[in-house]
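Working notes, structure below.
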Amino acid sequence: MTTPTYAELSTAVRRLMSPFSVEITPREAATLPPLPDHLAAGTAVYLTFLPHQPWTETVAVARAVREAGMRPVPHLAARAVPDRRSLQRMLTDLTAVGVEDVLLLAGSLTTPVGEFSESAQILDTGLLEEAGIRRVGIVGHPEGHPDVDDDELFRALAAKCGIARARGFDLHLVTQFCFDPGPIVAWERRIRAAGVDVPVHVGLPGLTSPARLLRFGLSCGVGPSLKVLRQQAGGVLKLATSPVHHPDATLLGLAAAVAADPRSLLRAVHFFPFGALVPTASWAADLREGRFEVDDRDSLRVTA
């Protein structure tokens, strides 16, 4: 593959940023400024699943996000759903407030509360389409999962894609957040070679402190690329004291892969702001609108 020009890199960055999405927790929603002040109408806002969080709180925040002109995408954690009747009720609650998309995941609970232990089971119940939900996201793990073997992850991914295809879902993948584009690009090529053909939304950290990212990265199983974060920050000491991390080096690495390979499944960026929604949304909007220059192949400079 040829090395993309700066113009091709810029075009690929804008392509990845045009449909960017963000993730918030229902608990932080009350502390956020009005979403329309910072996000374009129709932006997908994912609502994180937190263990022991009241379901009514998720539904209320989904309603507020929809009323703000955004597209709420609640997480549905399989291990937190007691049974089919409960799932049916939860989906009814969501569609009643305008939800049309969900993200399915197994969830962080070690022991399922009921009959579901993995997201494929939810996908195959028939209840999603019965509720009118056709757009579904599932989770991808470019750097693996601390509790699941890589081969098992691939088998599970293939199974979910097969279920989605058979049931007619509009499926996409949302990855864990990463700091190194290398594992993401290699993983995308591997799943594509295995027959997976669904769009991939790449998880990137928002504009928050490197120290916070290090803490979340260790807890979320993205250890392999944490050394890249340390290198980008300039070492462990600088990492601990730097005020803000910008994911531009990671983004440019992804853009280079997209520009060099038209068949790439990498289609969008999904931000995990970690409490920094406003600066993350502002930076992302500048890139989406082309208000930036590629300083070199590792950094971007906003020109707005």
Side-chain angles (χ1 to χ4, degrees), residues 17-78 80-81 85-105 107 119 122-123 125-139 164 167-174 198-199 201 203-204 206 267-285 288-289:
M17 297 303 298
S18 292
F20 80 83
S21 55
V22 299
E23 187 150 323
I24 64 173
T25 69
R27 290 177 184 172
E28 74 175 309
T31 67
L32 295 174
L35 294 179
D37 291 352
H38 304 283
L39 297 171
T43 298
V45 178
Y46 288 64
L47 307 178
T48 307
F49 165 78
L50 297 174
H52 313 303
Q53 175 182 285
W55 176 246
T56 53
E57 192 173 322
T58 294
V59 175
V61 173
R63 181 195 295 274
V65 169
R66 170 60 77 183
E67 291 177 347
M70 308 297 150
R71 184 156 56 92
V73 187
H75 291 195
L76 270 181
V81 179
R85 181 174 294 182
S86 298
L87 175 60
Q88 189 172 38
R89 175 184 55 79
M90 294 166 75
L91 293 171
T92 298
D93 291 343
L94 293 177
T95 55
V97 298
V99 169
E100 299 176 347
D101 312 52
V102 294
L103 178 73
L104 299 182
L105 65 164
S119 55
I122 301 288
L123 196 64
T125 58
L127 295 178
L128 290 166
E129 52 263 57
E130 181 181 297
I133 292 177
R134 288 286 180 179
R135 288 197 299 260
V136 178
I138 56 175
V139 179
R167 290 188 171 276
F169 288 116
D170 180 1
L171 190 72
H172 67 278
L173 281 162
V174 180
V198 300
H201 299 194
L204 291 183
R267 303 289 170 76
V269 169
H270 176 67
F271 283 106
F272 296 82
F274 298 121
L277 176 65
V278 172
T280 299
S282 176
W283 185 76
R288 180 190 62 211
E289 301 304 322

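Along the sequence shown, residues carry numbers from 1.
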Under 3.5 Å donor-acceptor, [X] side chain and [Y] backbone:
X: T92; Y: Q88; answer: yes
X: T48; Y: I24; answer: yes
X: E28; Y: T25; answer: yes

Min side-chain heavy-atom separation [X]-[Y] under 4.5 Å:
X: L39; Y: F20; value: yes
X: R288; Y: P19; value: no
X: V97; Y: R66; value: no
X: L105; Y: I138; value: no
X: L94; Y: W55; value: yes
X: H38; Y: L277; value: no
X: T58; Y: D93; value: no

For this session: For the pair H201 and H172, name the ring-plane relationship: parallel under 30°, tilted 30 to 60°, perpendicular over 60°.
Result: parallel
Exercise. Using 30° and 60° as the class limits, which term best fits the ring planes of F274 and F272: parallel, tilted or perpendicular?
Worked result: parallel
Nearest 0.5 Å, what's the [atom1]-[atom2] distance between [X] and [Y]?
X: L76; Y: L128; atom1: CG; atom2: CG; result: 7.5 Å
X: E129; Y: L91; atom1: CD; atom2: CG; result: 10.0 Å
X: L204; Y: H270; atom1: CG; atom2: NE2; result: 10.0 Å
X: I122; Y: L104; atom1: CD1; atom2: CG; result: 7.0 Å

Taking every non-hydrogen atom, the tightest pair across [X] and [Y]:
X: L123; Y: R167; answer: O-CD, 3.5 Å
X: P74; Y: D101; answer: CD-O, 3.3 Å
X: S21; Y: A44; answer: CB-O, 3.3 Å
X: P26; Y: V61; answer: O-CG2, 3.7 Å
X: T280; Y: G206; answer: OG1-CA, 3.3 Å
X: R27; Y: P51; answer: NH2-O, 4.0 Å

For this session: Would you check, one step at a time, whether the test salt bridge (charged side-chain N to carboxylate O under 4.0 Å, His left out) holds for E100 with R135?
Result: CA-CA 7 Å; E100 299 176 347; R135 288 197 299 260; 3.2 Å; yes
